[in-house]
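Read the structure below first, then the notes.
Hydrogens, waters and symmetry mates are skipped; everything else that's a heavy atom, side chains included, is used. No experiment lies behind these values; they were computed from the predicted model shown. Just follow the structure's listing: the first ligand is 1, and inside any ligand the first atom is 1.
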Amino acid sequence: MQKPPPTHPPLPSRLLRPLPFLPFLLLRLGRLILARPPPVLLNVVSSCCCVACSSPPWLPSPLFVSRCRSLTLDGPFLAPTLVARVVRKLSFRCQSSKLLLGAGCVAGKKAPLSSGGGNVRGAVSASKAVTEKPNSGSKSDKADLLVTKDEGLELYEDMVLGRSFEDMCAQMYYRGKMFGFVHLYNGQEAVSTGFIKLLKQTDFVTSTYRDHVHALSKGVPARQVMAELFGKSTGCCRGQGGSMHMFSAEHGLLGGFAFIGEGIPVAVGAAFTSKYKREVLKEEGDMPVSIAFFGDGTANNGQFFECLNMAQLWKLPVIFVVENNLWAIGMSHYRSTSDPEIWKKGPAFGMASAHVDGMDVLKVREVAKEAVERARRGDGPTLIECETYRFRGHSLADPDELRAPAEKAHYAARDPIVALKKYLLDNEIATEAELKSIEKKIDEVVEDAVEFADASPLPGRSQLLENVFADPKGFGIGPDGRYRCEDPGFTAGTAQV
Ligand SMILES: Cc1ncc(C[n+]2csc(CCOP(=O)(O)OP(=O)(O)O)c2C)c(N)n1
Ligand SMILES: [Mg+2]
């Protein structure tokens, strides 16, 4: 015999009546909020904003967001957080479905340029607010200036080269001249220029997949970088590396690395070599310095911590430069990192560390000088967190829909190139005409690079196995001394080269 369906007992009628003590509860809650307005209100509001939007437009500093968020998660206001999380999940779903549909790629518009001090977290290392207008009468006081004319022009040229080169890459990518993913560096130029322009050719740099501008700053000719991007045999890796794997032994560029964090141990290894050559092999001369550039997301990777430990233990001449652009693809730094102030991880290993405004090349340079000198003296490594921002999506395939427009506008208004230009003009270090002529020169360099890359040949079949195996004789080269791949049947059915 079939059982009747279970029925729920009726609700007790007292639960359906309005609670007699509800007004009293509301009154207590209101008084509580009014009694402690700032932290409590901030917790509730910011938890909604932080989690729902990741980057609320009205907050002045991302650090502030992180503070509110950590308070929120620790505090008693989990309910709004959970609600906001659901909202965020739903909105993320909508956004990702747009991505999957391949909504037209938005090539980042040129930033609305306007200079401005913005708000800057206090750097641990001494650094002047160099983008501020100098006091009246200080124009002629050249002793106060942080750069000479030659240095200022060199920095400006390098940053304009980086920006123009990347803008040209975007055009070439959308015209189908490049393959795979291409990650641009727009907005972060002050970091590459601020550090690398202090280095010698014999110093070493490791980079990430966002590596074109590091290569240019280190002196790899624009022609070679562009040709590499085009996959041509005249590229700095003879067309075998592409966008994410720039390398030039001649310029001490030890590679862009597509796997995040991989460049860090390579830089530490290079630094070990420098020290070993000086101390054990008794080589003369300055100790070469190594710099590892990597992002905020990468700073949560295990090898970062292992390398900090080893570098500090052996006092290696290496500088760890975190380019904290607040995002790892679509993941906000503040949602993924227990303590968002990355520079604080250095002191845990006894390492000198600093935070610096990465949108200000002169501040970056001041902090970098100290670190480079420390490394060259043999006094060991430094960890430096540069607070910066990328002006375009994660890669050129990213429509960049996850970051709040107000956050983008906030950093666009602090464009590092505009800020340096203003400093050079305000302090009469350079004239408008001199800066214009640099811009014109760079336009020509970049156009020439494209023409060169376009006209260059593709790699020949014989390059197919080059650099693939450590000992190509064991595999790629036949007994006759020729590459096996030169046999026309070698790649049949597997590749078209
Ligand atoms: C070992 C490894 N894990 C995951 C990825 C996928 N991935 C590519 S970019 C990226 C985010 C890195 O962000 P960040 O370090 O902040 O660098 P940014 O892109 O902001 O310069 C991740 C996780 C990868 N490339 N390598
Ligand atoms: Mg990042």
Side-chain angles (χ1 to χ4, degrees), residues 54-55 62-63 65-66 92 96 99 108 121 162-163 166 169-170 180-196 205-215 217 241-246 255-267 291-308 320-343 345 355-359 364 383-404 407-408 410-411 416:
S54 285
S55 43
L63 185 66
V65 181
S66 80
F92 179 75
S96 35
L99 278 175
R121 284 203 253 152
R163 179 71 57 87
E166 295 292 64
C169 284
F181 288 109
V182 174
H183 308 79
L184 300 188
Y185 195 71
N186 297 44
Q188 302 185 202
E189 296 87 354
V191 181
S192 175
T193 302
F195 277 92
I196 299 180
V205 161
T206 63
S207 179
T208 65
Y209 42 80
R210 211 178 289 290
D211 58 353
H212 318 161
V213 176
H214 295 133
S217 294
S243 169
M244 300 192 263
H245 309 101
M246 295 294 159
F257 291 84
F259 286 98
I260 63 168
E262 292 291 305
I264 306 176
V266 173
I291 301 186
F293 292 94
F294 51 96
D296 45 290
T298 306
N300 288 328
N301 184 306
Q303 43 191 342
F304 167 58
F305 300 96
E306 296 173 36
C307 287
L308 287 185
F320 302 95
V321 178
V322 187
E323 303 199 42
N324 183 356
N325 59 16
L326 310 179
W327 290 85
I329 313 184
M331 169 58 75
S332 163
H333 180 54
Y334 300 103
R335 293 186 67 212
S336 60
T337 307
S338 58
D339 184 346
E341 292 183 79
I342 301 167
W343 67 269
K345 282 149 192 167
H355 167 273
V356 68
D357 174 8
M359 302 303 266
V364 171
L383 167 65
I384 299 171
E385 176 186 359
C386 303
E387 186 175 327
T388 183
Y389 203 70
R390 60 171 157 75
F391 288 169
R392 290 176 179 266
H394 171 72
S395 75
L396 283 172
D398 171 14
D400 193 18
E401 291 169 328
L402 295 176
R403 300 182 303 168
E407 181 187 280
K408 293 188 223 178
H410 170 75
Y411 284 97

Should the pair H214 and F293 be assigned to parallel (<30°), tilted (30 to 60°) or perpendicular (>60°) ring geometry? parallel
Less than 3.5 Å between some nitrogen or oxygen of [X] and one of ligand 1, yes or no?
{"X": "N325", "value": "yes"}
{"X": "N301", "value": "no"}
{"X": "F259", "value": "no"}
{"X": "W327", "value": "yes"}

Is A299 touching ligand 1 with its side chain, its backbone, both, or neither, if touching means heavy atoms under 4.0 Å apart? neither
Considering only heavy atoms, does H333 approach ligand 1 within less than 4.0 Å through its side chain, its backbone, both, or neither? neither
Are any of the side-chain heavy atoms of [X] and [Y] separated by less than 4.5 Å?
{"X": "V205", "Y": "F195", "value": "no"}
{"X": "R390", "Y": "R403", "value": "yes"}
{"X": "T208", "Y": "F257", "value": "no"}

Within the distance-only criterion (no hydrogens, no angle test), does the side chain of E387 pair as donor or acceptor with the backbone N or O of G358 below 3.5 angstrom? no
Taking the Mg ion (ligand 2) as the apex, O on W327 and OD1 on D296 give an angle, to 10°, of 120°
Numbered atoms and elements of ligand 1 in range of [X], under 4.0 angstrom, heavy atoms:
{"X": "G297", "answer": "14 (P), 15 (O), 16 (O)"}
{"X": "Y209", "answer": "9 (S), 10 (C), 11 (C), 12 (C), 13 (O), 14 (P), 17 (O), 18 (P), 19 (O), 21 (O)"}
{"X": "I329", "answer": "7 (N), 8 (C), 9 (S), 10 (C), 11 (C), 22 (C)"}
{"X": "H394", "answer": "9 (S), 19 (O)"}

Check the pair E166 / V213 against side-chain contact (heavy atoms from CB on, under 4.5 Å), numbers first and verdict last. CA-CA 8 Å; E166 295 292 64; V213 176; 3.7 Å; yes
Is_contact(atom 10 (C) of ligand 1), protein non-hydrogen, under 4.0 Å: yes
Nearest 0.5 Å, what's the NE2-NE2 distance between H394 and H183? 3.5 Å
For atom 23 (C) of ligand 1, state which one of I260, V322, N300 supplies the nearest heavy atom. I260
Among S336, A328, G295, G302, closest by heavy atom to atom 13 (O) of ligand 1 is A328
As a test of understanding, state which of Q188, E407, E323 forms a side chain to side chain donor-acceptor pair (under 3.5 Å) with Y389. E407
Starting from [atom], locate the nearest protein heavy atom and write down its residue, its atom name and how far away it is, to 0.1 Å.
{"atom": "atom 15 (O) of ligand 1", "value": "T298 OG1, 2.6 Å"}
{"atom": "atom 25 (N) of ligand 1", "value": "A258 O, 3.0 Å"}
{"atom": "atom 21 (O) of ligand 1", "value": "R210 NE, 3.0 Å"}

Please confirm whether H245 and Y209 have ring centers closer than 6.0 angstrom. no
Strictly under 6.0 Å, is that where the ring centroids of Y411 and F391 end up? no
Is any side-chain N of the basic residue among K345 and D339 closer than 4.0 Å to the acidic one's carboxylate O? no
Restricting to N/O/S atoms, is N325 within less than 2.8 Å of the Mg ion (ligand 2) or not? yes
